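Below is one structure, written out as structure tokens, with a few remarks after it.
Since the structure is predicted, the reported quantities are computational estimates derived from the model, not experimental observations. Numbers restart at 1 for each chain; the letters A, B, ... are given by sequence-line order, proteins then strands.
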2 protein chains.
Amino acid sequence: MNTSTEGQELAAWAKMLADSTRATVCLALLDGRAWTATELAKLAGVSRPTISEHLNMLVDGGLLSEVRQGRHRYVKLAGPETAELLEGLAALAPRRTEVANSLSAASKRDAFARARTCYDHFAGKLGVALTDAMTERGLLDWSDGVALTPEGARWLDELGIVVESRHGRPAVRSCLDVTERRPHVAGAVGAALCTHALQQGWVTRITGGRALKVTGSVETFGLPVGVVRELLSRS
Amino acid sequence: MNTSTEGQELAAWAKMLADSTRATVCLALLDGRAWTATELAKLAGVSRPTISEHLNMLVDGGLLSEVRQGRHRYVKLAGPETAELLEGLAALAPRRTEVANSLSAASKRDAFARARTCYDHFAGKLGVALTDAMTERGLLDWSDGVALTPEGARWLDELGIVVESRHGRPAVRSCLDVTERRPHVAGAVGAALCTHALQQGWVTRITGGRALKVTGSVETFGLPVGVVRELLSRS
DNA sequence: CGGTCAGTTCGGCGCCGGCCGAAGCAACCC
DNA sequence: GGGTTGCTTCGGCCGGCGCCGAACTGACCG
């Protein structure tokens, strides 16, 4: 329990995010996808040698994981925990007063608030609405943290959604929504729902960010909709 | 929603913790008390000029708040949110394999795990046990997040514990315990309980850290004890 | 008033780290 | 084989930052 040792560990951790280039990279990676080094260099506005070094540091530090494929270096967040940490930190970053923005920026922000991914699951109004609907229907049990009810498991099964196990971690987790300030479904179940919806084409990614477009009907999930329906009418 | 701008903000934030001296200071401040500059300089093992600059940075950055009193500069964490962030980060820091430690270090760690403060409320086995006891007794409702039941409010009232309101934030919050990996009671209620117990002398601070010694009987809270009693017998 | 003590300001030192261009690999494509 | 492309390594540049000792300020104490 040596305080100075602890301090060093915490500092080493924070150092990874303490550079704006690296922070930008990590934030971009929050979309849950794997990016190549060159893509990230372009995004962050630095040269390839520079991004290469940054990626080395982040991978060595355990924040990112990489896959080499031919001459490509794909990099992504190391895992769900990492994504959670980043979401949490970003949510805690000082709430700046919104300055006057262009119309396109405003519409982008709207799209972002309406429906987006949070690493591997849904967030924004969509994520919260889906969570509410599942709760109403009795698919989730919030009495002690959050858990899937037997009905919930059956429901997933009927939809043909396979939830990949995550060695020891609970299948469904709660994640605080940055824009809604309310919890939404995360964890393996959240990821499975999101993957399924993307595969089915119910939602698609809006290029260049984490925002989503609801193309089909979220009612396809067979849930009592309410907010979801309202949301759809505005998409 | 400019990614690079977001990155800069996140980086600026992380930079405050990215230095081991500053990180050590923040960790020490997690005990919720106000420290003087010289105390912190000694703790961190740097000169007074150096600590002075670090404190400037942390205060300007909004992580710490300060009070000037005569020739003293008292500094503490800016608020509960800040403390939550730090606890969360520290919990996420890589779990090092425990190296061989001296006996005194081990006993310190035990004391720390048994009972300590987490900024302004109880943590460790004590915090978790108190939380469990309150839950058993029906003082807390975990069905949607966590809330105080009417019985809980009455109970606090009977004990003569006054909960200070925190403009809009829920009176009781859940905080993940670093050592127990389970939630314990935080928020205004958690703070009030801790303050009360300290005032009553039921627990006292072990000098030089966040660890607590249980001197009286936590049964004084009038709760079904179980774990708490077992805990007491070992303190 | 002089002495002490907490904290700050200043100047300067040293180094770490972010950046790039040029050159070097290594994979893939004719 | 030669050309292209994704990425890394190498040198070198430069700015920032963490640190200190010395000197200063301002509060408090006789």
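- Taking B/Lys76 as the reference, B/Ala34, B/Ser65 meet the side chain to side chain contact (heavy atoms under 4.5 Å, CB included) condition, with sequence neighbours excluded.
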Going by atom type alone, with no hydrogens or angles, which donor-acceptor pairs under 3.5 Å involve a side-chain atom of residues 40-48 of chain B and a protein atom two or more places apart or on another chain?
unit_1, atom_1, unit_2, atom_2, d
B/Ser47, OG, B/Thr50, N, 3.4
B/Ser47, OG, B/Thr50, OG1, 3.0

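- With sequence neighbours left out, the salt bridge (charged side-chain N to carboxylate O under 4.0 Å, His left out) criterion links B/Glu66 to B/Arg68, B/Arg73.
- Spacing between atom NE2 of A/His72 and atom C1' of D/dT4 amounts to 12 Å, rounded to whole angstrom units.
- With sequence neighbours excluded, the residues forming a salt bridge (charged side-chain N to carboxylate O under 4.0 Å, His left out) with B/Asp120 are B/Arg166, listed by chain and number.
- With hydrogens and angles ignored, the 3.5 Å screen pairs a side-chain donor or acceptor of A/Glu39 with a backbone N or O of A/Thr36.
- Using modelled atom types, one side-chain atom of A/Arg22 and one backbone atom of A/Met16 make a donor-acceptor pair closer than 3.5 Å.
- The side chain to side chain contact (heavy atoms under 4.5 Å, CB included) search around B/Ala37 returns B/Ile51, B/Leu55, not counting sequence neighbours.
- Computed from coordinates, the A/Glu39 CD to D/dG6 P distance equals 10 Å when rounded to whole Å.
- Closest of all the heavy-atom pairs between A/Ala23 and B/Gly7 is CB-O, 3.3 Å.
- Sequence neighbours left out, the pairs with a member in residues 61-84 of chain B that pass ring-ring contact (aromatic ring centres under 6.0 Å, His included) are B/His72-B/Tyr74.
- Put simply, CZ on A/Arg205 and NZ on A/Lys213 are 15.5 Å apart, with the number rounded to the nearest 0.5 Å.
- For DNA chain C, each stem of at least three Watson-Crick or G-U pairs (distances under 3.5 Å) is given as range with range: C:1-30 with D:1-30.
- In this structure, B/Leu193 CG and B/Leu156 CG are separated by 6.0 Å, a value rounded to the nearest 0.5 Å.
- Taking for each of A/Thr21 and B/Glu66 the nucleotide of DNA chain C with the nearest heavy atom, the 5'-most of the two is the partner of B/Glu66.
- Of the residues in residues 49-58 of chain A, those lying under 4.0 Å from DNA chain C by heavy-atom distance are A/Pro49, A/Thr50, A/Glu53, A/His54, A/Met57.
- Take the nearest nucleotide of DNA chain D for A/Thr36 and for B/Gly45: the residue whose nucleotide is more 5' is A/Thr36.
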Kindly give the atom pairs (protein nitrogen or oxygen, nucleotide nitrogen or oxygen) under 3.5 Å for nucleotides 25-30 of chain D.
unit_1, atom_1, unit_2, atom_2, d
D/dA27, N3, B/Arg71, NH1, 3.1

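- Among residues two or more places apart in sequence or in another chain, the side chain to side chain contact (heavy atoms under 4.5 Å, CB included) test is passed with A/Ala123 by A/Arg116, A/Cys118, A/Asp177, A/His184.
- Applying the ring-ring contact (aromatic ring centres under 6.0 Å, His included) rule to A/His54 yields no partners; only residues at least two apart in sequence or on another chain are considered.
- From the 5' end on, the contacts that DNA chain C makes with chain B at under 4.0 Å to a non-hydrogen atom open and close at C/dT4 to C/dT9.
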